[in-house]
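Some notes on the structure that comes next.
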Amino acid sequence: MSEYPTRPLNTVAKLFSGGTPSKTNPTYWNGNIPWLTPKDMSSFCGKTSDYVTMAAIGNGTRLSPVGSIFITVRGMSLHKEIRIERINKEICFNQDIKAIVPHKNIDAQFLYFALTSKKIELLQAVESAGHGTGRLPTDKLELLSIPDIRRENQEAIAAVLGSLDDKIDCNRRMNETLEAMARAIFKDWFVDFGPTRAKMEGRAPYLAQEIWDLFPDALDDEGKPVGWDRTPLSDVIELNPPEKLKKGALSPYLDMAALPTQGASSAPPIDREFTSGTKFRNGDTLLARITPCLENGKTTFVQCMDKKFVGWGSTEFMVMRSIPPIPKSYSYILARYQDFRRHAIQSMTGTSGRQRVTTDAIAAYPLTIPRDENVWLAFGALIEPIFQKIAANADESRTLAQTRDLLLPKLMSGEIRVKDAEEITKSIL
C-alpha cells in the first residue's frame, strides 16, 4: 500500500525555545506554573520538579499553550532516547526543550503521534555537543516529514492510538491510588498506631473486628503499642541476600534506567548474560543507593519475573527482602516511606557526586513492629492483593503499549487503515 504524502514539520507547526529564569531572583521561583526540564520528561506524570511564577514569563522562560508538544533537544539522554510529551496545561520549559505548537488545521494529538513514530529517525540525527551531551539540531527537526492527510483522518488516527494511551494512563492513575491505599494502611498501623489510639480514645472500630482485636488497647511509656518492639530494620528485612548465578547464564536484567522514580513497577527486564552485579528475586525491593538516583526516588518492587529465576542488575542497587511472616511488599512500602528515605539520604557517604548509602546505615533504621505474627498476616491479606492488581495493571499497560507501537508506524504510513486498527484495539480494550 502506498504511503501518505508528507510535508516538513515547520509547515504544520511552530517551534519555540524555552529558557531558565535567573536562579538568583526569588520572585521567579516557587510559583504554581510547571517548569519542564528533560529530567521531568524521563517519566512524566503531570508534575515537574520546579515551578515558576508569572513574573518569570518573559524573563528567561516562556509559557506554552495547552496541548503543546515538547521534545528534548539537548542533554545526555539524547544519545539513548528521544523524549516527547504532549501536555494538556499551560507550562513553561527550559532551553534544552523545544515546544511544538501545531497550526489550526493540524490535530495536536495526531502530530504528537506522528513525531513519536519518528523517534528512531530523530535519534539518528542527534549530534555530539561535547562532554557526553547530545544535541538534536533544530534544522533537522524542522524538516522532519509529517504525513499530509485530511483533518478528519488525522483525528481518526489520533482517536485509535489515543484510546490505547487513555487506558494506559487510566491504569497508571489506578496504580497511584492503589499504592496510596497501601501506604496509608502501613502508616496507620506501624507509624501512627491508629487502631491503638482509636481504642484509647473510645472511638468505634474502623477495621474488621478480627483485625481490630489484634491491636493493643494502649501505648506504653515509649509511645508504642503495648507488647510491640523497637528494633533495627535488619531484624525484619534481609539486605542484599546471597543468590547464585553462573557467569554467562542468561538471566533477567534490570539497569538503573529501568527503575521508576514513582510507583512500584519497573520496565520489564531483558535477558542478558550474567557478568557481575546485584542479584535479586521476584518479591524483592530494589533501592538505588547512589546519588542522585536515591534522591530522585528510583525504587521498584520486583513482580515481573518468574519465581524460579534469579535476576541481576546494577551494582548500585540495594536489595531489600522481607523476612517471613512479614509480607514481601512491606519492604517496598517502607522504601517509599518519606522518613526512611530521609534517613537513607542523610546517611550517604563518599566523595561529591559519588555518594552512596551503606548497608549498615539502612540496617540500623529503627522500626516499631508487633510480636504477634497475626498482625503481619492481616496486613499481608490487605496489601498483597493491592500489589497483585498493580502488577496486573502494569502488565496490561505493557501489552497496550506494544500494540500502540506496532500500529503507530503502520497508521502513519497508510499501511493499515483506521477501521482495521479499530478492530485490533477492540480485542484488547
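FYI, side chains are in, hydrogens and waters are out, and symmetry mates aren't considered; it's all heavy atoms of this structure.
- A donor and an acceptor atom, one from each side chain of K98 and S17, are located under 3.5 Å apart.
- Within the 4.5 Å cutoff, the side chain of T61 has no heavy atoms near those of the Y28 side chain.
- A salt bridge links R321 with E243: the closest approach of a Lys/Arg side-chain nitrogen to an acidic carboxylate oxygen falls below 4.0 angstrom.
- Note that the CZ atom of F340 and the CD1 atom of I333 stand 13.0 Å from one another [nearest 0.5 Å].
- Among residues at least two apart or in separate chains, there is no side chain to side chain donor-acceptor pair (under 3.5 Å) pair with a member in residues 419-429.
- Across G134 and L78, no two heavy atoms sit closer than the pair O-CD1, 3.5 Å.
- Side chain to side chain, D165 and Y112 fail the donor-acceptor criterion of an N or O pair below 3.5 Å.
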Worked check of side-chain contact (heavy atoms from CB on, under 4.5 Å) between L334 and F190:
CA-CA 10 Å; L334 178 63; F190 303 113; over 6 Å; no
Could you go step by step and tell me if W312 and F317 meet the side-chain contact (heavy atoms from CB on, under 4.5 Å) rule?
CA-CA 10 Å; W312 67 287; F317 292 160; over 6 Å; no
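- A ring-ring contact (aromatic ring centres under 6.0 Å, His included) with W35 is found for exactly one of F93, Y51, W29, namely W29.
- Between L214 and E210, the shortest heavy-atom contact is CG-O, 3.4 Å.
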Any chance you could lay out the side-chain contact (heavy atoms from CB on, under 4.5 Å) test for F193 and F215, step after step, and finish with the verdict?
CA-CA 9 Å; F193 314 129; F215 288 86; over 6 Å; no
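- In L250, the CG atom is crowded: over 12 heavy atoms of neighbouring residues, nucleotides or ligands sit closer than 6.0 Å.
- Side-chain N/O atoms of S265 and Q303 include no donor and acceptor closer than 3.5 Å.
- The structure places NZ of K307 at 12.0 Å from CZ of R281, a figure rounded to the nearest 0.5 Å.
- In this structure, the side chains of E316 and C293 stay at 4.5 Å or more apart for every pair of heavy atoms.
- Counting all heavy atoms, side chain and backbone alike, K104 lies closest to R151 at O-NH1, 2.9 Å.
- Under the 4.0 Å criterion applied to side-chain N and carboxylate O atoms, R183 and E179 are assigned as salt-bridge partners.
- No side-chain heavy atom of W228 sits less than 4.5 Å from a side-chain heavy atom of T196.
- Atom CG in L407 sits 10.5 Å away from atom CD in E415 (nearest 0.5 Å).
- Side-chain contact of N25 with T27: a donor-acceptor pair under 3.5 Å is present, judged by distance alone.
- Between atom CD1 of residue I416 and atom CG of residue L408 there is a gap of 11.5 Å, rounded to the nearest 0.5 Å.
- Judged purely by distance below 3.5 Å, without hydrogens or angles, the side chains of D40 and T37 pair a donor atom with an acceptor atom.
- In this structure, the side chains of S22 and N59 stay at 4.5 Å or more apart for every pair of heavy atoms.
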Applying side-chain contact (heavy atoms from CB on, under 4.5 Å) to M412 and F110, what does each step give before you reach the verdict?
CA-CA 9 Å; M412 289 298 165; F110 167 80; 3.6 Å; yes
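- When all heavy atoms of I428 and L400 are compared, the pair lying nearest together is CD1-CD2, 3.7 Å.
- Side-chain contact between P260 and S266: present, with at least one pair of heavy atoms (C-beta onward) separated by less than 4.5 Å.
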